[in-house]
Amino acid sequence: MSRYVPKEIESNWQAAWDQAAVFTARHDPNRPKYYVLEMFPYPSGRIHMGHVRNYTMGDVVARYKAAQGFSVLHPMGWDAFGMPAENAAMERGGHPKDWTYDNIAVMREQMRPLGLSIDWSREFATCDPEYYGQQQAMFLDMMAAGLVYRKNAVVNWDPVDMTVLANEQVIDGKGWRSNAPVERRELTQWFFKISDYAGELLAALDGLKDWPEKVRIMQANWIGKSRGLQFAFQTVAAPAGFDAFEVYTTRPDTLMGASFAAISADHPLAKALASDPKVAAFLAECRLGGTTAEALETAEKIGFDTGIRVRHPLDASIELPVYIANFVLMDYGTGAIFGCPAHDIRDFEFATKYGLPIPSVFVADGATDEPLTEAYVPMKSEPVRYLRGFSGENVQTGEAAIAAAISHCESMGIGRGVTNYRLRDWGISRQRYWGCPIPVVHCADCGVVAEKKENLPIELPYDVTFDIPGNPLDRHPTWRDCACPSCGKPARRETDTMDTFMDSSWYYARFTAPHAKTPTDAAEAEYWMNVDQYIGGIEHAILHLLYSRFFARAMNKTGHLPAKAIEPFNALFTQGMVTHEIYQTRDDKGRPVYHLPEEVAERIQIGSHMRAALWADVFPDGRGERSDAEVITPLLEYASNPENRFVEVIPSAKMSKSKKNVVDPMNIIDAFGADTARWFVMSDSPPERDVEWTSAGAEATFKHLSRVWALCARIGEMPADHIGEGDDALMRATAKAVAEVTQGIESFAFNKAIAKLYEFTNTLSRANASTATMKHAVRTLAQLMCPMTPHMSESIWTYQGGAGLCAQAPWPVADPALLIADTVILPIQINGKRRAEITVPADLPIAEVEKIALADPDVIKFLAGAAVKKIIVVPGRIINVVA
RNA sequence: GCCCGCGUGGUGAAAUGGUAGACACAUGAGACUUAAAAUCUCCCGAUCGCAAGGUCGUGCCGGUUCAAGUCCGGCCGCGGGCACCA
């Protein structure tokens, strides 16, 4: 065994694993299965450090579970549809399909040298017709099951690019590409009835014990359950057919504070009034501006008095004006509200603007009834004194009063208690080319007709161009024009494609039978589902994970997944980002200029602060071939002159091309090997937290692995008959390492597992034990490191006489007897301060321990004659003497 | 505005209510070397002390407890999610 040169071993071991088909997932009914999945990548072009961290984490779990005897499924694929491919075609020419598959080829080749234990035979891309054809089949099944429908919806429309924009693509009210002002447009779109499942998706969150609490809370907030009263306002002087309209409120206890009613600009009553040009003009005004959060926040609250009045449901003598208001949403509740300015900030603003009365319903307990200068909105659990309404003069909390108000109204025949959800139906139509075509046909006679299943997949045509704005499918006559599947007459294919979130909502199920002629295979799904461990970024906490949970239910309803798979991910882990410093200088106008890490010289400490300089500033003719020693003096000289230009170092920033702080994993693998990259991203920081990539850290990792390598070589050269004294101690240390590393991996505390491996390595390198014990210890070390550093582990394993492949060796088990210490060191506290320490047999009775403790000279010294009031002995832990 | 989470050395971080800072990075000192690199050894929270050792110390204030980084209450700061949701 010579020097540690990763390049010489890594590709060989990868070939050995491939040859032995070690990572092929096998449906073995006699073994428990384990399905570990990392969120599959978008083929953007190159892999980045975030991928390395994500897939290494999954790989550690996969390799560990395999060593434990599980039949492991660890697949990989590509989330391959989406806009970047079209943008690339528009900007650089070429075809989205070619761009995508080229990227996939590059990234697959970049992933191979990482040595991941992936079953590549199951690989697919969502843009493969074999995949999206099955997705179309499921769409038809779900349509037949009533889970899909069409309706009009307001969207952000870019009039130049002629396409719908997602909210994220609207910047300052303008299209991100075209820079044209975005319009709100009503389009007929396809929707999934996810709202039907709102209650179930919320309730089932409680069962997801192995999901991060944070993600469950985020989903619960997103689903947004509320309980309230829905009732009808009887109208006065309204058009025919509008004798009444429904409103919804979560604060029915404030009903006596009503001073107006307001309806959405999209409300049927508003539309009925639009024959009045003034109303029509107001509605048009409401439609201006985007639907983004930003646009809404800055938008002024405006209203239009319709002249219509409604009667207060609790007191018919009170008449309230009806406004059309731009802040009332049609798709939440009933699209109409009652305004209670005294106890709602927004209503207060509105009432003040339009000079409406502001009657109070309650005041803070103990407060006097004074006119309000701002809305008084107590917490639901805050006690208040009711002035008017259902509670009389009682002091009550909002929660109790709300419940009382609902039952009071119900008993009087005014409305009913209703549960509402914020979650809206999932709009999946995209006016885009590079997505899964929606398999329906529009026929003049038959209407919307589902495509026949035998015609699937409806494949995307290749002969399209992106030189004109809009969806190329719309102007592709031979693809667009087709025969009606029902009557055979000429008809028009749906040219919208599906939201790419559809593609990622079921790929985990497809991996269980990637080549099946149906979307899934019942026997395979039964064996492999659910995903036992899912790993990915927190950015998918809501949309992807919620859609997948819904889609699994929809697949179950249409017979594509067993009932046990309606929650497809048993355990979820959300990993942090890999960050890196940003190096910034400023140009003459003070604008930031970013620099690549390799442009920046090592930092020099001058006095109390660190200074970083650009190589180019220190060596105007370039660094050339200067050695590290040759640069240090010029660097020091440069750094010591504060007149010089220095680089501002901004730590812990997300890696991004524009900030030039991206570290290419390929460079790291070239320089140090995959094992170093893998070990580094798993060490130091807890996996859920961000980890900062530092070149010093990477080098230190490489040095450590080199030390392990050298240690292994040294043990390999020990004479076979060497007898040492430390056998028992080393056996104990080995058992302890096995227990602690296992515990670390089990609990996703990879940083702690690695800390324990450092500790064990240090112990082993200082040990003087017999050759057999040393060899056993180093083989165990190789096994424990194997999930993180699989290549090096194989080399050590083989060199030390391990049988077969380390990757296939059973995970070591610690002998419990070796984990129990004979003696323990007990610190002694006196009044809570540590004063002494005693070593006693581990099984010594408490009474004996007390005796020894009280006889200890240090204890006697610190007690200084004071009487002992109490002595607490925590066995194996600590002794506290209270005086 | 509402809902979460987090504040520990120069840095990344450990710590079932039981010895705060494991493990590692950086810095410093030393060994080896003609020299450098590499490698190895030691120190490394603050403060007082020659030392032994003492005192203080987990954002701030208070509480519970024999014992609090950890539990409870109130502040301050940072981060994340949601938001015309009636």
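Both backbone and side-chain heavy atoms feed into the values below; hydrogens, waters and symmetry mates do not.
Look at B:rG49: it lacks any Watson-Crick or wobble partner with both distances under 3.5 angstrom. If you check B:rU39 for Watson-Crick or wobble pairing at under 3.5 angstrom, you find it paired to B:rA31. Across all strands shown, B:rC23 forms a Watson-Crick or G-U wobble pair, both distances under 3.5 Å, with B:rG12. With both pairing distances under 3.5 Å, B:rC82 is matched to B:rG1 as a Watson-Crick or G-U wobble pair.
Taking 4.0 Å as the cut-off between side-chain N and carboxylate O, A:Glu349 and A:Arg346 do not count as a salt-bridged pair.
Using a 4.0 Å heavy-atom cutoff across all strands shown, A:Lys756 reaches no nucleic acid atom at all. At a threshold of 4.0 angstrom between heavy atoms, the contacts of A:Phe680 with the nucleic acid are absent. A:Tyr758 comes within 4.0 angstrom of the backbone, heavy atoms only, and of no base. Backbone-only engagement by A:Pro686 is indicated by non-hydrogen atom pairs under 4.0 Å involving sugar-phosphate atoms exclusively. Within the nucleic acid shown, A:Gln829 comes within 4.0 Å of at least one base atom, counting heavy atoms only. Residue A:Lys869 is out of contact with every strand shown, counting any heavy-atom pair closer than 4.0 Å.
One C1' atom belongs to B:rU8, the other to B:rC23, and the distance between them is 16 Å to the nearest Å.
Closest to the A:Asn751 side chain, of the nucleotides B:rA86, B:rA15, B:rA13, is B:rA13. Minimum atom distance to the side chain of A:Thr250 is reached by B:rA86, of the listed B:rA86, B:rU19, B:rA14. Of the candidate nucleotides B:rA13, B:rC23, B:rU41, B:rU41 has the atom nearest to the side chain of A:Arg766. For A:Lys703, the listed nucleotide lying nearest its side chain is B:rU39; candidates were B:rG80, B:rA26, B:rU39.
Annotation for A:Lys654: atom NZ does not count as buried by contact number, only 12 or fewer foreign heavy atoms lying within 6.0 Å.
OP1 or OP2 of B:rG54 has not a single side-chain nitrogen or oxygen of A:Lys861 nearer than 4.0 Å. Checking the phosphate oxygens (OP1, OP2) of B:rA67, no side-chain nitrogen or oxygen of A:Arg835 falls inside 4.0 Å.
Aromatic pair A:Tyr354/A:Phe260: ring centres not closer than 6.0 Å. Ring pair A:His343/A:Phe348: centre-to-centre distance not below 6.0 Å.
The salt bridge (charged side-chain N to carboxylate O under 4.0 Å, His left out) analysis of residues 417-426 of chain A, with sequence neighbours excluded, yields the pairs A:Asp331-A:Arg424.
Every residue was checked against the side chain to side chain donor-acceptor pair (under 3.5 Å) condition with A:Trp693, not counting sequence neighbours, and none meets it.
Contacts of residues 875-883 of chain A with RNA chain B (heavy atom under 4.0 Å): A:Arg877, A:Ile878, A:Asn880, A:Val882.
Rounded to whole Å, atom C1' of B:rC23 lies 16 Å from atom CE of A:Met682.
Between the base of B:rC40 and the side chain of A:Arg707 there is no donor-acceptor pair shorter than 3.5 Å.
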